[in-house]
Amino acid sequence: MVRDGDGERQGRRGDPGRETALVPVRSDDRPFVSWYPSQSSDAIVSVQFRVNRPTTIFCFCFALFCEAVVSFSRVSHQDSNVGIIMAASSAPNFKYGYPTPGLQNPTGSAVMDHVFFLSQGDWKHVREEEQFDHIVIGSGFCALGFAQRALFNDPHTRILIIERGPFFLPEHFQNLPLPYQNTLGGLSETFPWTLSRHTVEGKFIKWQHGMVPFFGGRSTLWSAWCPRPTPEEMRRWPKETIEAAEQYFPHAEQLLNVVPADQFDKARNGAPPPGGLPIYATLQQKLAQMLNNNLKQIDSATRVLPASLAVGSFPPDGINFEKFAVPGPLLSLLVKQRQLEEQGKGAPLKVVTNCVVNRIVQQEGTATALETSRGVVNIGDANVILAMGTLPPTTLVLNSFPDIVKNAGNRFTSHFISSVVARVPRVDYQFSAALGELELAAIYLAGQNPESKLQYHVQLTALSDRNPEANAAIAARNMPDVVASASVEQLLTSKDYVVFVCAILGELDENNSDSWLRKDNGTDPTTNVLLQVKESQTDLQLWDTMDEGAFQALERVLSPKGASHVEYWHTTSSDWSNKRPPSSEIRVPCLVHEASTMHIGMDTDVDAVVGLDYRLKRVTNVFVTGASLWPTCGSWSPTMPMVGLAQHLADNLSTKTTSVMKLVADEQT
C-alpha cells in the first residue's frame, strides 16, 4: 500500500476472474466520491481516490475507467443496455488475440462510448423503448448541478443527458502538462451564430466568445473564479430568485469545491504546511490587507475579498491546486448510478455524445419529441432541461416555439473587458524579504459607476517570481487566471518586481435595444440567428469608470510609493513605461459571459421569457438553466449562481405538486 498525503492509492491481486464491487463511502451530495473495494469481494484492481489528494482528475478518470472495466464485466452478460464491457476484451469468444487478432484501430470516442456513454446499439434501444423523468440537453455545469441534485433526492430518477460534441479533455487544461494550454481557443471554440456587421465594425466591442462543444462544456477551459454576488449586485432580479440563489450558494460552492485564495496553502490547523510550497501566502495576505484598509482610495470601489476559485482538489500539502472541471464528477456520478442500479437501489444515468438537438417538436405548448442528428427522441412524460449555455438554447427556443414563446433574444447582456499589466519594485514593500521565490495572489475587487449603478470587477492576479525560467510550469499550474496572466517576456524582465495582471470586467447595459439575438434566414436551425452587440454611451461611461478604478487601485493602494513607481506594459512597444496605456491598448474587443436572452421574471413581467419556476412561459415541460435567465448580468462570474439555481430547479421538480398543465392553461388564457 502506498500512502500519499491523507489519501491512499491501493492495489492488490485476487483470484482471477473476480471483480471489484464498488461501494460509495459517503451519501451526501458531493460530486467526487471515493470508491473502496467491498469487504465481500476479492478485487483484481482497486483504486481509491479522495478529493483532497494532490492528483489530477486525469488519473481519477483513468481510475474510473479501470473500475468500470473490471466491475461491469458481469453486467455485460446480464444487461445489454449497459454495453458489453470486459476486463480484457469486448466479447468472450474473441479475446487475447484468439482465434484471430482483435480490433487494431480503436478510437478514444469508441472507448468512451464503450465504457461510459451510449453506443449506437444502446442509443437505438433508448430511443425506441425507454422513457425518462428528465432529458437534459448539454453536459456542462448546469447539467452536473441538476443531475447530481436530482439523483441525490431520488437515485431512481431516470435521466438522459444529450451532448452535442465528443469527449475532449478529461479535466481542466491547466491541470494537464503545460503544452495543453494551446488547446485554449482555436478549434475548441465554435460560434453558432452570425455576427451583425454593426458589431464587427464597432469601436471597441467586435465579437462574442463562442461555445465549447465537448463533453463538460466550457468547464475544461474556464477561469474558475466563483464570487458570491450580493443581493444589491443582482440588480432587477425577482426577490424570489434572489432568495433562491442565496439559499443555494452554499450547495453550489460545495459541488464546485469553491475555496478562497487565502486558504489554498493552509493545512488543517490553519498554518502553511512545513516543507511545502506556500504559493498563496505572504503576497496574498498583504495585498488583500492593503486593499481592505484603503478601499476608499478607489473612488468607484464597493468591496474587496480574496478570490474564490473552484478547485478540483484541496491538497493538504500545499504544493498546488487543481481547477474544477465537469468530466470527472459527471463520470463519477454515472458510475455510481450504474452501481446502484446493479444493487436495485437506483436508475442508471445515461449520456449520449455527438448528438445535436436541432428542434423541439411541440403540440399546443407541450414538447413531445426532439429532432436530433441521431434520430428522433420521444419525450413522453419527461421534463426537458436546457443546460447548453445561453445562445444555443435561445436559438433552439426561437426555432421550436416561434408563436408561443415571446421575447426570446430581445435582451442581451455580456461582459466587456479591459486588460492591464503593471509592475511595482519588490523592494518597495516592507514584506519583500518574507516573500518566497514564487508567490501568487488572487483578489476580487468590485465597483460600480456612480450614475448608472452598472457594475464592474477586477480579477487581480499578482506574481512575485524571482526565477521565472525555473518556475514556469509551477506558475502556470497555480495561476488563478491563465487567460489573464503575465507573458513570459513580461516575467523575464520583472525578476525584481511584483507583477500585477488586471482582468477588468464590466456589465453591458440591459436597456440597450441595439443589442439582441434574432432569427435570420439560415436553413440550419442550430445556427440560423444573428447576434448584434453595440456599446451604448452608458456602457462607455462604465468602461471609463472601471479602467480608472483599476489604475487607482494600482497607483493609490498597491504601490507603497505611489504612481511614480508603477510601470505599465505597452503592447505597441512591448516595453514597460510609467505612462498609463491608452484605451485602444487595454480594451479587449471580445465579450464573455453572455446572458439575459431568456430572462426570468414574475407573471406580471410581460417581457420575461421564463417564469419563477424556470419554465418557459406558455410551455408545459421545458425548463431553462444558465445565464440566459439573468435579468441583468452584473459583472460577477455567472457559473456558481448558475449551478445553484440548477440545483434549485432539481429540488423543485423532485417535489413538484402543482399542476403545470393548469398553470400553462392560465398563461395561455
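The figures that follow rest on heavy atoms only: side chains count, while hydrogens, waters and symmetry mates do not.
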Glu535/Lys203 salt bridge by N-O under 4.0 Å criterion: no
For the pair Phe264 and Tyr280, name the ring-plane relationship: parallel under 30°, tilted 30 to 60°, perpendicular over 60°. perpendicular
Heavy atoms, side chains only, cut-off 4.5 Å: are Tyr614 and Leu629 in contact? yes
Taking the side chain from Trp636 and the backbone from Glu233, do they hold a donor-acceptor pair closer than 3.5 Å? yes
Quick one, Leu612 and Met602 - any side-chain contact, counting heavy atoms below 4.5 Å? yes
Check the pair Gln448 / Ser300 against side chain to side chain donor-acceptor pair (under 3.5 Å), numbers first and verdict last. CA-CA 6 Å; Gln448 66 179 16; Ser300 56; over 6 Å; no
Please tell me if the side chains of Ile404 and Leu616 come closer than 4.5 Å, counting only heavy atoms from C-beta onward. no
State, with a plain yes or no, whether a side-chain heavy atom of Asp299 is found less than 4.5 Å away from one of Arg556. yes
Would you mind listing every salt bridge (Lys or Arg N to Asp or Glu O under 4.0 Å) that reaches into residues 568-582, with sequence neighbours excluded? Glu548-Arg580, Glu555-Arg580
Stepwise, does the side chain to side chain contact (heavy atoms under 4.5 Å, CB included) test hold for Val421 with Trp576? CA-CA 9 Å; Val421 181; Trp576 299 98; 3.9 Å; yes
When rounded to the nearest 0.5 angstrom, what distance separates CD in Gln455 from OG1 in Thr632? 7.0 Å
Give the minimum heavy-atom separation between Ile600 and Ala608, together with the two atoms involved. C-CB, 4.0 Å
Is there a donor-acceptor pair under 3.5 Å between the side chain of Ser536 and the backbone N or O of Asp539? yes
Evaluate Glu585 against His570 for side chain to side chain contact (heavy atoms under 4.5 Å, CB included), listing each step before the verdict. CA-CA 7 Å; Glu585 285 194 26; His570 289 252; 3.7 Å; yes
Determine whether a donor-acceptor pair (N or O, by modelled atom type, separation under 3.5 Å) exists between the side chain of Gln174 and the backbone of Ala476. yes
Charged N to carboxylate O under 4.0 angstrom, Asp544 versus Arg587? yes
Drop me the distance from Phe324's CZ to Asn257's CG, to the nearest 0.5 angstrom. 8.0 Å
Could you walk me through whether Ile443 and Gln284 pass the side chain to side chain contact (heavy atoms under 4.5 Å, CB included) test, one step at a time? CA-CA 8 Å; Ile443 300 172; Gln284 173 71 42; 3.9 Å; yes
For Phe204, look at atom CZ and say whether over 12 heavy atoms of other residues, nucleotides or ligands are found less than 6.0 Å away. yes
Over all atoms of both residues, closest heavy-atom pair of Arg374 and Asn354: CD-O, 3.1 Å
Test of understanding: with salt bridge (Lys or Arg N to Asp or Glu O under 4.0 Å), list the residues that count as partners of Asp524, not counting sequence neighbours. none
Donor-acceptor side-chain pairing of Glu163 and Ser139 below 3.5 angstrom: yes
Is the closest side-chain donor-acceptor distance between Asn410 and Asp607 under 3.5 Å? no
Does a side chain donor of either Arg359 or Ser400 reach within less than 3.5 Å of an acceptor in the other side chain? no
Between Lys534 and Glu201, is the closest basic N to carboxylate O distance under 4.0 Å? no
N-O pairing of Glu507 and Lys453 below 4.0 Å: no
Would you say the side chain of Phe249 lies within less than 4.5 Å of the side chain of Pro641, judging by non-hydrogen atoms? yes
Under the side chain to side chain donor-acceptor pair (under 3.5 Å) criterion, do Asn528 and Asp520 qualify, and how do the steps go? CA-CA 5 Å; Asn528 61 346; Asp520 63 17; 5.1 Å; no
Nearest-0.5 Å distance that lies between atom CG in Asn512 and atom CZ in Arg411: 12.0 Å
Under 3.5 Å side-chain donor-acceptor pair for Gln532 and Asp514: no
Which distance, rounded to the nearest 0.5 Å, do you find between the CE of Met546 and the OG of Ser418? 4.0 Å
From CG (Leu649) to CZ (Arg615), nearest 0.5 Å: 11.5 Å
If only side-chain N and O atoms count, and only distance matters, is there a donor-acceptor pair under 3.5 Å linking His457 with Gln459? yes
What is the minimum heavy-atom distance between Ala387 and Ala143, and which atoms define it? CB-N, 3.8 Å
Under-4.0 Å salt bridge between Arg618 and Asp403: no
Say you draw a straight line from CD of Glu253 to OG of Ser308; how long is it, rounded to the nearest 0.5 Å? 7.0 Å
I need the full list of ring pair (Phe, Tyr, Trp, His ring centres under 6.0 Å) pairs touching residues 497-540, with sequence neighbours left out, sorted by first then second residue. none
